[in-house]
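Report on the structure given below.
Computation of the quantities below employed the complete heavy-atom set of this structure, encompassing side-chain atoms and omitting hydrogens, waters and symmetry-equivalent molecules. Small disclaimer: the values here were computed from a predicted structure and weren't measured.
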Amino acid sequence: MTESIDKVAFQQRPTWDEYFMLLTKLAAMRSTCLAFPVGAVIVKDKQVLATGYNGSPSGSVHCTTQGYCYPNVLTCDASKEFPSRAVHAEANAIAQAAKHGIPTDGASIYVTLEPCISCLKLVVSAGIREVYYETTFNKGNNAALCQSFIDEGLVVLKQIQISPSVLQRANLFLNSPTSELRLFSG
């Protein structure tokens, strides 16, 4: 990597969407789900209201701790017989906001994975009107139901990606002390 690339990457400021999506990726690092680590951040007026990640219910043993979801079932997605043990990231973020008396009406939510139908219904019911996600999840009838919520004006869903230059800058910040003076020649 050349210094000029470093300088460009270092100076690339993330958009608000990229900033909040980077926060969702950090939240996903706390996930205790063996199948899909997911993070969520609820935002209003460019302020973070609550964060969440998916994993076992509070107080229950974590799948990552025991090394499996159910005895003889490594991950929940490996079996059609057992339901997922995880509370989804969106539900955890909404629960955290509720637990602390933080209203979510008119807020937006950023998630690393497009909300499942159950979470999308919860998001809409919590008054969250915009969903920004990184990876698509819903297909077939689930995608059709999502589209019906959009058509009814209940919610806006938008897939977003973090630009490579912002990811490069984030990597610089994560891999070295952040608040050191950086001098670039050239």
ask   = Can you tell me how far CG of Asn171 sits from OG of Ser176, rounded to the nearest 0.5 angstrom?
value = 9.0 Å
ask   = Do side-chain atoms of Gln96 reach the backbone of Gly52 as a donor and acceptor pair under 3.5 angstrom?
value = no
inquiry  = Could you work out, with side chain to side chain donor-acceptor pair (under 3.5 Å) as the rule, every residue matching Asn142, not counting sequence neighbours?
reply    = none
ask   = Once you round to the nearest 0.5 Å, how far does CD1 of Ile94 lie from OG of Ser125?
value = 8.5 Å
ask   = Among all residues two or more places apart in sequence or in another chain, which pass the side chain to side chain contact (heavy atoms under 4.5 Å, CB included) test with Ala93?
value = Ala40, Ile42
query = If only atom types and distance count, is the side chain of Asn138 paired as donor or acceptor with the main-chain N or O of Pro115 below 3.5 Å?
reply = yes
task = Show the numbers, then the answer: is there a side-chain contact (heavy atoms from CB on, under 4.5 Å) between Arg169 and Arg13?
result = CA-CA 8 Å; Arg169 184 175 189 217; Arg13 189 173 185 214; 4.1 Å; yes
ask   = In the single-linkage hydrophobic clustering (I, L, V, M, F, W, Y; side-chain heavy atoms under 4.5 Å), do Leu34 and Val87 co-cluster?
value = no
Residues 102-109 side chain polar contacts: donor-acceptor under 3.5 Å, at least two apart:
from: Thr104; atom 1: OG1; to: Ala126; atom 2: O; distance (Å): 2.6
from: Ser108; atom 1: OG; to: Glu130; atom 2: OE1; distance (Å): 2.6

message = So, using side chain to side chain contact (heavy atoms under 4.5 Å, CB included) as the criterion, who are the partners of Leu167 when residues are at least two apart?
response = Leu22, Ile162
message = Hydrophobic clustering (ILVMFWY, side-chain heavy atoms < 4.5 Å, transitive) - are Leu49 and Val131 grouped together?
response = yes
request  = Could you pull out all residues at least two apart from Tyr19 that satisfy ring-ring contact (aromatic ring centres under 6.0 Å, His included)?
outcome  = Trp16
Below 3.5 Å, can you tabulate the donor-acceptor pairs from side chains in residues 149-160 to any protein atom, sequence neighbours excluded?
from: Asp151; atom 1: OD1; to: Gln147; atom 2: NE2; distance (Å): 2.8
from: Gln159; atom 1: NE2; to: Glu134; atom 2: O; distance (Å): 2.9

query = Can you list the other members of the hydrophobic cluster that holds Tyr53, where links are side-chain heavy atoms under 4.5 angstrom apart?
reply = none
remark   = d(Tyr110 OH, Thr51 OG1) to nearest 0.5 Å is 15.0 Å
message = When you group the ILVMFWY residues by side-chain heavy-atom contacts below 4.5 Å and let the links chain together, are Val111 and Val124 in the same group?
response = yes
message = Membership question, hydrophobic clusters at under 4.5 Å side-chain separation (ILVMFWY): are Tyr132 and Val123 in the same one?
response = no
query = For Arg30, does the CZ atom have more than 12 heavy-atom neighbours from other residues, nucleotides or ligands under 6.0 Å away?
reply = no
ask   = So, does Glu114 use its side chain to make a donor-acceptor pair with the main chain of Tyr133 at under 3.5 Å?
value = no
inquiry  = Once salt bridge (charged side-chain N to carboxylate O under 4.0 Å, His left out) is applied, what residue pairs with a partner in residues 36-57 remain, sequence neighbours excluded?
reply    = none
key: Qualifying residues under side chain to side chain donor-acceptor pair (under 3.5 Å), relative to Thr32, sequence neighbours excluded   = His62
task = Using the test side chain to side chain contact (heavy atoms under 4.5 Å, CB included), find all partners of Ala35 that sit at least two apart in sequence or belong to another chain.
result = Cys33, Thr75, Asp77
remark   = Nearest heavy-atom contact between Asn54 and Phe36 is ND2-O, 2.5 Å
Heavy-atom pair of closest approach, residues Pro37 and Ala28 = CB-O, 3.8 Å
inquiry  = Running the 4.5 Å side-chain criterion over Ile, Leu, Val, Met, Phe, Trp and Tyr, what cluster does Val61 land in, apart from itself?
reply    = none
remark   = Rounded to the nearest 0.5 Å, the NZ atom of Lys121 sits from the CG atom of Leu145 at a distance of 7.0 Å
query = Do the side chain of Thr24 and the main chain of Met21 share a donor and acceptor less than 3.5 angstrom apart?
reply = yes
message = Using the side chain to side chain contact (heavy atoms under 4.5 Å, CB included) criterion, which residues pair with Ser60? Sequence neighbours excluded.
response = Ser56, Pro57, Arg85
message = For residues Leu113 and Leu122: do they belong to one hydrophobic cluster (side chain heavy atoms under 4.5 Å, members Ile, Leu, Val, Met, Phe, Trp, Tyr)?
response = no
note = Here the pair of heavy atoms bringing Phe20 nearest to Val41 is O-CG2, 4.3 Å
